[in-house]
Structure formats: structure tokens, C-alpha cells
Amino acid sequence: MYCIVDIETTGNGIKGNRITEISIFKFDGYEVVDEFTSLVDPECEIPFFITGLTGIDNETVRGAPKLEEIANKILEITKDCIFVAHSVNFDYNVIKHQLQAIGLEFSRKKLCTVRLSRKLLPGYRSYSLGKLCTALSIPLENRHRARGDAHATVLLFQKLLRAHGAEKVFKNFLNARSQEATLPPSLPKETFLKLPSAAGVYYFRDGNGTIIYVGKAINIKKRVLGHFYDKSNKEVRLCQETAHIDFELSGSNLLALLMESTAIKKHFPKYNRAQKKAVPSYGIFAYENRRGVLHLAFNKLKLVPAPLATFYSITACRSFLQELCDRYALCPRFCQLQEGSGACSHYLLTSCKGICNGEEATEKYNDRVHDAISEIGANAEETILIKEKGRSLSEEAFVLLKNGAYCGYGFIDKEVPIRNESDIEGFLMAQKSTLETESIIRAYLNKGKGNCIALSETVVS
């Protein structure tokens, strides 16, 4: 026995969603043996865009029963039935969550007519209820009202039951181990089964092939399945739109983190909130004024040909220069920490020896600036290679750092000897250093992980 269900809601995902109308047809495979349809008072305001879609407004549900008043009827009519709906996880989870909120448990086997249609009726451009009904000449009246959509789903379900190979497909879909009821409605099961249980990055794509989410994992298949079980509003919307999943192996968590960061900044997926914003870079540099006094300053990195150091905020630049001023008794006015002319009067720094008002010789001041510049250079790390686990037993992964900055990553056969940078030239996938990649590498090195080796200064072209 089947119960074919459709609901209209207030449109706030799963957990924040309230039912405004429900329609259930009890179907024995040949005919409808019972029906329950009712408006529902959601006990909250119905958004204007929902009213525009369904025609249901606050006035429509005024005087309608609250969910707890019809809950027993929902439990009774669906008892011992397979729960069927178009994109079943949405309707099922909204009903289950709302019943749980009033202290009632709800557990039924599920079938999704979107997934069944893709399997038994292949070749259609769209499997939305409206377009599928049009293509199959199924009458659909009162679109976006619960009874109209539920009745059309009954007629579609009849066709599916009698489609070629239906018995085997239905049996497979109802198998608890098949995961068919868990997968997004538009995602072929074969695509999910091809996902590896290995480290890497994965890409959720919509029906147009657009990347809508990028993630990383030590176990790609397990992590992707976690998205399908997550009932947060964002995850539900993501899964509703997912039609395909690509992946790239990384071999290790470090490479996966770096690859994920690069992919997010390249594709700007709609469901990735973090790392999408391009963070500006700033470079510290030195120059000489008309009096011959050396200045230290900062500017946007693209305007600094040979930066002494790189930072990702003006605050970080100023903090760095302030430390140098204090340590080497430099003048804050000549370190871009104070504007104007005349003697300096910085509220924190009082160690200036008078270069700004002529009390100190230029040569002596410049000597200390050169000492500060030397310290910056000394603090820069040598060119190193971080060696990591590769994507296969015969391969190693590597991350290249030059002067402490991230340059890129690559994969190389274990049999290839690495003595200098030229040995990895053909394997390096050059990448931009960003705030996120620098943070990833800094956190990794701080934990003392990895096999780091120093390379000779043969330049990678």
C-alpha cells in the first residue's frame, strides 16, 4: 500500500518550515482507496512570495485546523504504507520534523517519484512535476496546491508501476541498503557510487553543470553522504539542486585544503560562504626621499615590485612597522605611521633619535633602517618543499614555499630524485598565495607535521 503525499509550506527550509496544506492519497497500486486533504494553520505569517506561488495567504488558513488537530489522521492514513512524493525527502522531512515538534514519532519507508522517473523514464530534459506531466500528457490541475500536485503524482506513479523493469527498480529502491531514498532527487546513484573513499576535493554541480559547492574530505564518499543526511536549510537546498558530483584526489588533507581554497576562489560557488571574498595583499617596501633618508612603507602588493614582506591587511602592515620602529629606534613619520611634516609625535613610539627634526645624521639613521631590512630578509624562510602522501602508492605530493610564501603544489613519482627546484619544475601547479592558503600552511607547520626539505635556489620558470 502506498500513500502519495504533497504539502504546501511557508517556505523556510526544513526545520523552520510550517505546513499550510496537506494532501494524502492512499493508493493500492490500482486505485485510490482513501484520501485526506486539509488546509493547515501554520501559526505564523505566510510570506508574500509563497502566496504568489500557491495562492495561500493568511486569510486562506484562518480557521483551518492546527497540525496537532490533524496529526492522528496523518499517522492513521499513512500507517503501514510506503510514503511517496515528488522529491520525497522534502515532504517527508518537513512532516517528520513538525510531528516531532509536537511529540509524535514518524517513520515510513520512502519512494521518490523524481528518482523513479529518472530510472524508469529516462531521456527527459526536466523531471520537475509540471514539465514531466506535460511531457507524459498527465493532467495537472491546481498546480502548487497540495491536492492538485498529489493527484498528478498518483497518475505519474501509476505509469511508473507499469513501466518496463519497474518490479526490479522498485525492489532495489525499497532495499534499506540501496541509499536511493537518501540521495538528492536529481543525482544518479551511479554517480554517487563512483565517489572514492579517499582524500580530495569534490564539486556539487546543478542541472546546468554549474559548480554550486566545493568541499574537501579525507573520505570523499563518506563526507558527501553526510551532506545528504544533514537536514539544515542550506544542505537541503544544496541537495535539491545537485545533479552531478565531480571529484579530484589529493592524497592528503593538506593538499585537499589547498585545492579546495583555490577552487572556491576560482568558481565562487553559491553555497560556499567562506573564502569567496578576495582579500587584498599589501607589500612592505623601502625608498629614499630627496634628503637621502630611507623610508619604510606599505602599499597594495601589485604596486610593490619587490616587497620585503607581504601582509593581508593594513592593520598587519602597521603593526609590523610599529614593531620595527620600536626595536630599531626608527622614526614613525618615516615608517608611514604618522602623517604630516615636522617632528614626530606618535602616541606609542618615543624612541626616535631626531631624524625628523635634523637632530640625527642621515647616515646613522639609514644604518638602522638597513639593519631592520636585513632582519626582514633573515626572517624569510628558505625555499622548502613539504612532502606529503600522493594519490597512489607510487606517487608523492609536494607543496612549494619560497621565502615563506606558498607557490603551489604538485604530484611526482617516488622514483624521481628531488635535489633542487628544477627537478620539480614540470610537476608544479603554480598557485596564488592568499590569506587562506597562508593560514592553512602556517597551521600545518605549527603542528610539526610533514617532511620538509630545503631546496637549492635553482629558479622554477
Side-chain angles (χ1 to χ4, degrees), residues 3-25 35-67 70 74 83-99 101 110 112-115 117-118 124-157 184-186 206-208 210 212 231-243 270-271:
C3 275
I4 296 161
V5 184
D6 188 83
I7 59 174
E8 302 303 328
T9 72
T10 55
N12 297 315
I14 294 294
K15 295 182 179 179
N17 226 334
R18 298 296 188 92
I19 299 170
T20 59
E21 189 175 38
I22 185 169
S23 185
I24 304 172
F25 287 87
E35 176 193 346
F36 173 69
T37 299
S38 177
L39 288 165
V40 182
D41 181 357
E43 301 183 82
C44 66
E45 293 291 315
I46 298 175
F48 289 120
F49 77 93
I50 292 294
T51 298
L53 180 68
T54 66
I56 299 174
D57 58 16
N58 296 321
E59 190 61 35
T60 307
V61 297
R62 195 181 304 280
K66 295 178 175 63
L67 181 69
I70 60 171
I74 294 171
F83 188 108
V84 181
H86 209 66
S87 294
V88 69
N89 285 329
F90 176 79
D91 300 75
Y92 181 87
N93 287 318
V94 170
I95 292 172
K96 181 175 182 176
H97 183 78
Q98 279 220 255
L99 289 176
K110 298 178 289 182
C112 177
T113 51
V114 177
R115 298 193 62 79
S117 297
R118 286 183 173 277
Y124 291 96
R125 291 190 63 184
S126 172
Y127 285 84
S128 70
L129 184 61
K131 291 182 179 179
L132 199 55
C133 285
T134 299
L136 296 173
S137 300
I138 293 173
L140 174 53
E141 299 177 358
N142 294 324
R143 182 75 173 108
H144 296 304
R145 290 298 297 265
R147 191 182 190 282
D149 287 354
H151 183 260
T153 305
V154 171
L155 300 179
L156 171 61
F157 193 66
S186 299
D206 64 15
N208 297 319
T210 302
I212 56 176
K231 302 309 175 190
S232 67
N233 293 344
K234 173 193 167 186
E235 296 289 352
V236 169
R237 293 195 302 271
L238 170 63
C239 292
Q240 287 286 334
E241 294 185 39
T242 299
K270 64 186 288 187
Y271 285 103

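Numbers for residues simply follow the sequence, beginning at 1.
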### Query
Are the side chain of Arg147 and the backbone N or O of Asp6 linked by a donor-acceptor pair below 3.5 Å?
no
#### Entry: Sidechain-backbone polar pair: Thr113 side chain, Phe157 backbone, donor-acceptor under 3.5 Å
no
## Note on the structure
Contacts satisfying salt bridge (Lys or Arg N to Asp or Glu O under 4.0 Å) that involve residues 127-144 (not counting sequence neighbours) are Arg143-Asp149
#### Entry: Closest non-hydrogen atom pair between Pro184 and Cys239, with its separation
CB-O, 3.0 Å
### Task
Say whether, by atom type as modelled, one donor and one acceptor occur between the side chain of Asn17 and the main chain of Gly11 under 3.5 angstrom.
yes
### Query
Short question: side chain of Glu21, backbone of Ala146 - any donor-acceptor pair under 3.5 Å?
yes
### Check: Ala85 main-chain N/O paired with Thr153 side-chain donor or acceptor under 3.5 Å
no
### Query
Which pair of heavy atoms, one from Gln240 and one from Ser87, lies closest together, and at what distance?
OE1-OG, 3.8 Å
### Task
Could you check if a side-chain atom of Thr10 sits within less than 4.5 angstrom of a side-chain atom of Thr20, using non-hydrogen atoms only?
yes
### Task
Could you list the residues that satisfy side chain to side chain donor-acceptor pair (under 3.5 Å) with Thr37, not counting sequence neighbours?
Ser23, Glu35
### Separation between CD1 of Ile24 and CD1 of Ile95, rounded to the nearest 0.5 Å
6.0 Å
## Note on the structure
Shortest non-hydrogen pair, Pro65 vs Ser38, comes out as CG-OG, 3.5 Å
#### Entry: Reported CG-to-CD1 distance for the pair Asp206 and Ile212, which is rounded to 0.5 angstrom
5.5 Å
### Query
About how many Å separate CD of Glu8 and CG of Leu53, when rounded to the nearest 0.5 Å?
7.0 Å
### Query
Taking only residues two or more places apart in sequence, or in another chain, which ones meet Glu241 in a side chain to side chain donor-acceptor pair (under 3.5 Å)?
Lys270, Tyr271
### Query
Who passes side chain to side chain donor-acceptor pair (under 3.5 Å) against Ser128, sequence neighbours left out?
Ser126
### Message
Would the distance check show the side chain of Thr242 and the main-chain N or O of Leu238 forming a donor-acceptor pair, the cut-off being under 3.5 Å?
### Response
yes
## Note on the structure
So CD1 of Ile138 and NE2 of His151: to nearest 0.5 Å the spacing works out to 10.5 Å
### Query
Under the side chain to side chain donor-acceptor pair (under 3.5 Å) rule, what pairs show up with a residue in residues 53-66, not counting sequence neighbours?
Glu45-Asn58, Asp57-Thr60, Glu59-Arg62
#### Entry: Closest non-hydrogen atom pair between Gly148 and Leu140, with its separation
O-CD1, 3.5 Å
### Query
Partners of Tyr92 by ring pair (Phe, Tyr, Trp, His ring centres under 6.0 Å), sequence neighbours excluded?
Phe83, Phe106
### Check: Arg18 main-chain N/O paired with Thr9 side-chain donor or acceptor under 3.5 Å
no
#### Entry: Gap separating the CG atom of Leu132 from the CG atom of Leu136, nearest 0.5 angstrom
4.5 Å
### Task
Check Asp91 against Val5 and note the closest heavy-atom contact, atom names and distance.
OD2-O, 4.2 Å
### Message
Given 3.5 Å as the limit, does a donor-acceptor pair link the side chain of His86 with the main chain of Tyr127, or not?
### Response
yes
### Nearest heavy-atom neighbours spanning Ile70 and Ile22
CD1-CG2, 4.1 Å
